[in-house]
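One structure is given here, and the rest of the page talks about it.
Naming convention: chains lettered A, B, ... in sequence-line order (proteins, then strands); numbering from 1 in each chain. Excluded from the calculations below are hydrogen atoms, water molecules and symmetry mates; all remaining heavy atoms, backbone and side chain alike, are included.
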Amino acid sequence: MMDQNQQDYLKGLNPPQREAVLQTEGPVMIVAGAGSGKTRVLTYRIAHMIASGIDPFNILALTFTNKAAKEMRKRIETVVGAEARNIWMGTFHSIFAKILRFEADKLGYPSNFTIYDTDDAKSLIKTIVKEMKLDDKVYKPNVVLNRISAAKNGLITYKMYASADELTSYDSVSGRPHIAKIYEKYAERCFRAGAMDFDDLLLKTFELFTRHIDVLNKYQHKFKYVMVDEYQDTNHCQYMIVKKLAAVNENICVVGDDAQSIYSFRGATIRNILNFEQDYPDLKVFKLEQNYRSTQTIVNAAGSIIANNKEQLEKKVWTDNHLGEKIKVIRAVSDNEEGRLIAQSIFEEKMKKQLDNKEFAILYRTNAQSRSLEEALRKLNLPYRIYGGLSFYQRKEIKDLIAYMRLTVNHKDEESLKRIINYPARGIGKTTLDKVQLHAAENGISWWEVVANAEMFPNLSSAKTKLKDFAIKIRSFATMLETKDAYDMAMHIAKSTNLLKSLYDDKTVEGISRYENVVELLNGIKEFVENDTNELEKSLGIYLQDIALITDADKDDGSEDKVSLMTIHSAKGLEFPYVYISGMEENLFPSQMSTGSRKELEEERRLFYVGMTRAEQKLTLSYANSRFRFGQLLPCEPSRFITEILDDFIELDKKAFEHASEQRSESGFHRFANRNKPKPNFGNKYGKSNQSVGRTAKLPPAIQNFEPEDTSAIKVGDVVEHQRFGRGKVAIVDGESGNKKATIEFEQFGKKQLVLKFAKLRFVRS
DNA sequence: TACTAAGCTCTTTTT
DNA sequence: GAGCTTAGTA
């Protein structure tokens, strides 16, 4: 049943691509170098399967990003039409969440379980550490969460963790012997809250398939064909699940490139791809080695670096494309200069060759690096779009409203309850909440049960009415879930909690922006309700599951003519005619976290503190900090990575480079200091007014070429002009040591607290 | 309980 | 520079 369409597309493929498309049965591995037309092959392979009579319902295609899934579905649809909708295609997390929703009762979870994001998880760990009266400097939420996450990705439950000597002894040697206990409590609390974190979506799926063979069987027969994209980025848990699913039919096709493995921090291991052959002896391997995307120069450069990898699949990436221009190296003394030079270069190229903004991309290793680039682009009026960073869904006003929705759907959701029980303020203060926490812990029940049954706890009597009123409100929302769709629910909640109105009434710049954000969220929900083809999937519960797994990068408005800024990780699989990579510095690319030096340093420092009192530790630390700054602790030498590129493509003026490195190390602290999220709009995630104005703010024309002055002499009463906030009067100056701060009353923005050392201020002389 | 001022801390990538 | 906590005050 080959139709005309198919004949056409098969003609457009090179021999290995065509073979990979036609081999639909049995275990298949496609090794696809960068730019080798991988997506095309995958798309046609699925299209071909459907055209040969395979029911789309029997196809499972797993990807790593929603974007990739969406893109592929779209492309398949253009070949086979509407049938493409019926393929089970999505990220590991979203597909497994869907399965878990169906089968939740088998694991004792509600089907409307909440998905905890990283913030929720950290916050929960923080409370647990506090409850266990452990030192939160040692048990940092990040560190603990990473340990737990690594364990989960390795299929180690909390019970196994406690008896895994290797893990526990590592923990005690590194001074954190209680991680196993925290893991246990964390798992319990999540379960009690009817919540799963990202890793649980994988681990619980594995548990489900292991403990309930009948369920596994059902899905094994449902998914007769399993396909995995970016196989080099799967972790052990994902690998095991896929293996189980494919065990009956063995129609499994994995696509990957060991050289593009960039998610080892998430537990990804290229062993999965290297060992695939052993798992399936009659495996068919297809190698896509011709690069259609890049010039010879770029392909060779990449090849020369990849050649250093210790373990790799044999493959030779090559291209027929022209040689292309040499890779240029721009040398800059500081991150600001770097930004300026990049922006300038884009501007010039654009003018010279009459290009669109969207043909340019600037990549970096860490999201924090976007700031100086943004400033530079803004000055040249080059429009840009940032991918990643603080997502829309992480902003305070959005999280608040979503917390109400989450709590409505799942009363046990502890993190949401904590967030909104006193927001908007309803007189439930810290003292009351401490008591609630205590009762919940003592009785092993959720916060909700304490709140909803406040009268049963004598020492809560004074707050009884307030707590009960809150519970009644949430319950009243819940009764509407049956009849109302996600949009009506959201609207009702936003209105009846007064959230919408209080934001509307706030006429400060930040307030207006927050209001607009909430309206945008509501519009998004409306869209969700109107667009979704499936009648049943319009409920609030489904919506919440959906957005829990969505990231900013998934919003694709590729139509906008803007320069793209993103991390190298999110750039994977994309292509742009002109690409700038910024921050090719020692300890930044590759990150010192991955090279290990930083970790050792921290470890050393921490062990040094053992036996000291907190006060002594603090004293030592402040002394150390006064002597050293981050970035100066380690000598700056061009990293191996950079040297290789430079040696290959330019004559390197070593002296100038070293000078640059020194200069940079001074601003090294700065570069990471505000890593936390440039804001797409006004206000930060806590919504406090004394914080920054966001990235889209336009500079007043008068101060576009702003040169800040030395502000050490600033005093109360001075009139100053700030780069972004405009004119203001100094109200308070404080701080002798550390960061000297001034509170300034700005004409437009009201009071702001600024750190003088960094503030871009100029005195206004009359 | 709510709010503000002062002070300390802080380095990665994403579902 | 900005998050976040704590101390202090209303």
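- Pairing each heavy atom of Leu363(A) with each of Ala571(A), the nearest pair is CD2-CB, 3.8 Å.
- Under the 30°/60° scheme for interplanar angles, the aromatic rings of Tyr263(A) and Phe64(A) are found to lie parallel.
- The distance between atom CD1 of Ile262(A) and atom P of dT15(B), rounded to the nearest whole Å, is 10 Å.
- If Lys466(A) and His569(A) are placed on DNA chain B by their nearest nucleotide, the residue sitting closer to the 5' end is Lys466(A).
- Glu230(A) has its CD atom 14 Å from the P atom of dT14(B), to the nearest Å.
- Stacking is not found between Tyr263(A) and the pyrimidine-like six-membered ring of the dT13(B) base under the 5.5 Å centre-distance and 30° plane-angle cut-offs.
- At the phosphate of dT15(B), neither OP1 nor OP2 sits under 4.0 Å from any side-chain N or O atom of Ser94(A).
- The phosphate of dT14(B) has OP1 or OP2 within less than 4.0 Å of a side-chain N or O from Asn367(A).
- Ionic pairing of Asp400(A) and Arg514(A) is not present here: no N-O contact between side-chain nitrogen and carboxylate oxygen is shorter than 4.0 angstrom.
- The separation between Ile241(A) atom CD1 and dT15(B) atom C1' is 13 Å, rounded to whole Å.
- Checked for salt-bridge contact, Asp119(A) and Arg419(A) miss the test: no charged N lies under 4.0 Å from a carboxylate O.
- Considering only residues two or more places apart in sequence or on other chains, Lys466(A) meets the side chain to side chain contact (heavy atoms under 4.5 Å, CB included) condition with Ile428(A).
- Residue Lys464(A) qualifies as open at atom NZ: its count of foreign heavy atoms under 6.0 Å is 12 or below.
- When heavy atoms are screened at a 4.0 angstrom cut-off, Asn422(A) is found touching the sugar-phosphate backbone but no base atom.
- The distance from atom CD1 of Ile115(A) to atom P of dT14(B) is 19 Å, rounded to the nearest whole Å.
- At a non-hydrogen distance threshold of 4.0 Å, Gly429(A), Lys430(A), Thr431(A), Thr432(A) from residues 429-436 of chain A come into contact with DNA chain B.
- Per the geometry, CD1 belonging to Ile581(A) stands 17 Å off P belonging to dT13(B), to the nearest Å.
- For dT12(B), neither phosphate oxygen OP1 nor OP2 lies less than 4.0 angstrom from any side-chain nitrogen or oxygen of Thr567(A).
- Between dC10(B) and Lys140(A), a contact under 4.0 Å exists linking OP1 or OP2 to a side-chain N or O.
- Within 4.0 Å of Ala425(A), counting heavy atoms only, lie sugar-phosphate atoms of the nucleic acid but no base atom.
- Residue contacts for Lys572(A): at a heavy-atom cut-off of 4.0 Å it reaches no nucleic acid atom on any strand shown.
- With rounding to whole Å, Phe198(A) atom CZ is found 12 Å from dT14(B) atom P.
- If you take CG of Asp120(A) and C1' of dT15(B), they are 14 Å apart, rounded to a whole angstrom.
- Among dT13(B), dT5(C), dT15(B), the nucleotide with an atom closest to any side-chain atom of Phe265(A) is dT13(B).
- Between Thr91(A) and Asn66(A) the shortest heavy-atom distance is CG2-N, 3.4 Å.
- With no hydrogens or angles considered, a side-chain donor-acceptor pair links Asp197(A) and Tyr186(A) at under 3.5 Å.
- Residue Tyr423(A) contributes atom OH, which lies 13 Å from atom P of dA2(B) at whole-angstrom precision.
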